[in-house]
Protein chains: 2
Amino acid sequence: MPGHRSITEAEKLAAAKLGGIPIHREQMAVVANIYRAASAVRQHLENSVLRGADLTWTAFVVLWVVWVWGESETRHVAEEAGISKGTLTGVSRTLEGRGLLQRAGHPSDGRLVLLSLTEEGETLMRRLFPEFNQEEAFVASRLSDEECRSVAEGLRQVVRQVEEHGEERRLTLLDGAEPAPRRSGRRAKG
Amino acid sequence: MPGHRSITEAEKLAAAKLGGIPIHREQMAVVANIYRAASAVRQHLENSVLRGADLTWTAFVVLWVVWVWGESETRHVAEEAGISKGTLTGVSRTLEGRGLLQRAGHPSDGRLVLLSLTEEGETLMRRLFPEFNQEEAFVASRLSDEECRSVAEGLRQVVRQVEEHGEERRLTLLDGAEPAPRRSGRRAKG
DNA sequence: CGTCGATCGTTCGGAGTCAAATTATACGAG
DNA sequence: CTCGTATAATTTGACTCCGAACGATCGACG
């Protein structure tokens with residue numbers, strides 16, 4: 001019915017190149033466009049509202065998570081922000097140095113560190129988030145509210161699939177083999 | 001009608017936190033989920049098929065672009081891969097060192113450098129892409145083909161909006177002010 | 001108590017990343 | 001031919017990011 005479906009040049013070329021190989025075209029297009037959209041959105045936000053506040057995307061996300069969740073343990077913040085614990089250590093120290101974030105030890109568990117916004121951090125987010133949200137509206141302005149809901153729901157399905165079955169899937173793929181260490185990063189003890 | 005719309009805990013909290021502030025909820029959810037999905041997908045792919053081939057996400061994307069486009073000028077590859085020219089210089093040199101990519105000067109324009117896959121690179125991609133595509137299918141397995149098309153099309157609209165009007169939008173926002181230099185990077189001449 | 005495995009945040013090595021400065025080449029105007 | 005301008009890719013410097021190793025702490029059990 002629609003007949004109207006714009007495909008990018010790259011996707012056409014890929015289809016041609018893969019002429020002989022049986023592939024999951026629709027799924028390939030979804031993944032490719034998720035990543036393109038994420039890069040485009042991130043770049044736009046960084047170069048508009050975030051640059052002005054001297055915040056990286058990651059730093060903003062961390063502030064946002066702590067803002068909406070309230071005082072939180074670092075591992076939850078890292079999980080929610082989608083970054084590693086090690087990265088969060090650095091980011092949170094930077095934000096602490098700028099007076100936007102506070103770090104406090106847990107009253108009864110000495111291993112934990114709790115993050116919360118300072119008053120200055122709260123003020124910043126109250127001012128900055130509306131600007132941020134305005135740009136979110138801009139990048140999505142070609143979609144109706146209903147289309148936004150639909151796309152968001154589709155993306156949630158992807159996230160949930162990976163979160164619920166990704167680990168298991170990776171183990172199946174490796175099938176007993178050890179998981180091949182990263183090339184970068186700290187070397188194994190020697 | 002639907003009544004059934006799964007909202008993550010984070011989205012609920014955000015809605016509560018922003019109770020008083022008028023916001024574009026659907027657009028916020030789209031952006032948040034684009035980014036979550038992109039991270040989840042990238043992480044899954046890196047930790048499954050790419051780790052085994054000792055390739056980072058970026059390195060794979062570069063190989064993929066050169067594979068489907070054929071011999072290409074570096075600036076086009078950088079553009080298509082969504083990375084800066086400087087990053088591509090480093091990545092392509094690494095891949096050249098591993099014998100997967102070739103660099104050649106342009107026959108008539110000495111400023112240009114052309115990238116193409118070596119025979120080994122072609123072989124790798126012919127073997128690796130089906131595995132990669134299999135995981136793309138995995139992450140999208142909760143969506144029907146039709147839903148995949150629909151989500152992909154929605155994301156293309158986002159990408160197109162940013163590509164076609166992002167620059168103009170940023171200029172409007174800054175409204176004459178200079179664009180606030182990045183904190184990192186080479187210092188301005190002094 | 002004391003020990004031991006689990007779990008927390010931090011440290012640290014290496015690769016990625018961007019954008020300004022730089023270098024090299026192309027090409028039109030005088 | 002010789003500039004000057006435009007446009008390549010590369011270099012450079014500060015920074016981000018991941019994840020294995022690490023040290024501190026907890027909680028359970030003898």
Side-chain angles (χ1 to χ4, degrees), chain A residues 39 42-44 46-47 50-51 54-62 72-79 81-98 103-115 178-190, chain B residues 38-39 42-47 50-51 54-62 72-79 81-98 103-115 178-190:
Chain A
S39 298
R42 175 173 174 161
Q43 195 128 345
H44 177 73
E46 283 187 334
N47 289 335
L50 298 186
R51 189 76 74 84
D54 191 25
L55 289 174
T56 63
W57 175 273
T58 303
F60 178 81
V61 172
V62 167
S72 310
E73 301 168 16
T74 59
R75 73 213 136 99
H76 295 326
V77 176
E79 162 80 17
I83 59 178
S84 71
K85 299 183 300 172
T87 299
L88 180 58
T89 296
V91 171
S92 61
R93 235 193 325 239
T94 299
L95 292 172
E96 184 185 27
R98 289 181 49 188
R103 302 152 60 74
H106 191 282
S108 66
D109 189 334
R111 296 169 301 178
L112 302 181
V113 171
L114 299 173
L115 300 181
E178 59 237 49
R182 218 170 191 259
R183 224 40 149 186
S184 69
R186 198 169 185 165
R187 285 279 143 268
K189 63 181 173 185
Chain B
S39 298
R42 175 172 174 161
Q43 196 128 344
H44 177 74
L45 269 298
E46 283 187 334
N47 289 334
L50 297 187
R51 190 73 75 85
D54 189 25
L55 290 174
T56 63
W57 175 273
T58 302
F60 178 81
V61 171
V62 167
S72 311
E73 301 168 16
T74 59
R75 72 212 138 102
H76 295 327
V77 175
E79 163 79 18
I83 59 178
S84 72
K85 297 183 301 170
T87 298
L88 179 57
T89 296
V91 171
S92 61
R93 233 187 331 232
T94 299
L95 292 173
E96 185 185 27
R98 289 183 48 190
R103 302 153 59 75
H106 191 282
S108 66
D109 190 332
R111 296 169 303 179
L112 302 180
V113 170
L114 299 174
L115 300 182
E178 58 237 50
R182 216 170 191 259
R183 223 42 147 189
S184 67
R186 195 165 182 165
R187 284 280 143 269
K189 62 181 175 185

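Just so it is clear: chains get the letters A, B, ... in the order the sequence lines come, proteins before strands, and each one is counted from 1.
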A/Arg42 vs A/Leu50, test: side-chain contact (heavy atoms from CB on, under 4.5 Å). Steps then yes/no.
CA-CA 10 Å; A/Arg42 175 173 174 161; A/Leu50 298 186; over 6 Å; no

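Contacts of A/Ile83 with the nucleic acid, taken as non-hydrogen atoms under 4.0 Å apart, involve only primed sugar atoms and P, OP1 or OP2. Heavy atoms of B/Gly105 sit nowhere under 4.0 angstrom from any nucleic acid atom. Contact annotation for A/Gly110: backbone-only contact, meaning every heavy-atom pair under 4.0 Å involves sugar-phosphate atoms and none involves a base. In this structure, B/Ser108 reaches the sugar-phosphate backbone alone: every heavy-atom distance under 4.0 Å involves primed, P, OP1 or OP2 atoms, never a base.
A sub-4.0 Å separation between OP1 or OP2 of C/dG16 and a side-chain N or O of B/Thr56 is present. The phosphate of C/dC18 (OP1 or OP2) has no side-chain N or O of A/Asn47 nearer than 4.0 angstrom. An OP1 or OP2 oxygen of D/dG19 is reached within less than 4.0 angstrom by a side-chain nitrogen or oxygen of B/Arg51. The side chain of B/Arg93 places an N or O atom within less than 4.0 Å of a non-bridging phosphate oxygen (OP1 or OP2) of D/dT11. Taking only side-chain nitrogens and oxygens, A/Arg103 comes nearer than 4.0 Å to OP1 or OP2 of C/dT10. The side chain of B/Thr87 contributes no N or O atom lying less than 4.0 Å from OP1 or OP2 of C/dT17.
The CG atom of A/Leu114 sits 13 Å away from the P atom of C/dC8 (whole-angstrom rounding). Straight-line distance from the CG atom of B/Leu55 to the C1' atom of C/dG16: 14 Å, rounded to whole Å. Between the CZ atom of A/Arg42 and the P atom of D/dT16 there is a distance of 11 Å, given to the nearest Å. Between the CG atom of B/Leu50 and the P atom of D/dC18 there is a distance of 16 Å, given to the nearest Å. When rounded to the nearest whole Å, the span between CG of A/Asp109 and P of D/dA28 equals 12 Å. Distance CG (A/Leu88) to C1' (C/dT11): 14 Å, rounded to an integer number of Å. When the C1' atom of C/dT17 is taken as reference, atom CH2 of B/Trp57 falls 17 Å away, rounded to whole Å. When rounded to the nearest whole Å, the span between CZ of A/Phe60 and C1' of D/dT16 equals 18 Å.
Toward the 5′ end of DNA chain D lies the nearest nucleotide of B/Arg75, the other residue of the pair B/Gly90 and B/Arg75 mapping further downstream. Taking for each of A/Gln43 and B/Ala59 the nucleotide of DNA chain C with the nearest heavy atom, the 5'-most of the two is the partner of B/Ala59. Each of A/Gly86 and B/Lys85 has a nearest nucleotide on DNA chain D; the 5'-most of these lies closest to B/Lys85.
Looking only at side-chain heavy atoms (C-beta outward), A/Leu115 and A/Glu96 stay at 4.5 Å or farther from each other. With contacts defined as side-chain heavy-atom distances shorter than 4.5 Å, the pair A/Leu95/A/Arg103 does not qualify.
Here the nucleotide nearest the side chain of B/Thr94, chosen from D/dA8, C/dG16, C/dT10, is C/dG16. Here C/dC8 is the nucleotide among D/dC17, C/dC8, D/dT10 with the atom lying nearest to any side-chain atom of A/Leu112. Ranking D/dA8, C/dC8, D/dC18 by closeness to the B/Thr74 side chain, first place goes to D/dA8. Residue B/Arg111 has its side chain nearest to C/dA26 when only C/dC8, C/dA26, C/dG9 are considered.
The environment of B/Glu73 atom CD is dense: over 12 non-hydrogen atoms of other residues, nucleotides or ligands sit within 6.0 angstrom. Counting non-hydrogen atoms of other residues, nucleotides and ligands closer than 6.0 Å to CD of B/Glu46 gives a total above 12.
Expressed to the nearest 0.5 Å, how far CG of B/Leu114 lies from NE2 of B/His76 amounts to 9.5 Å.
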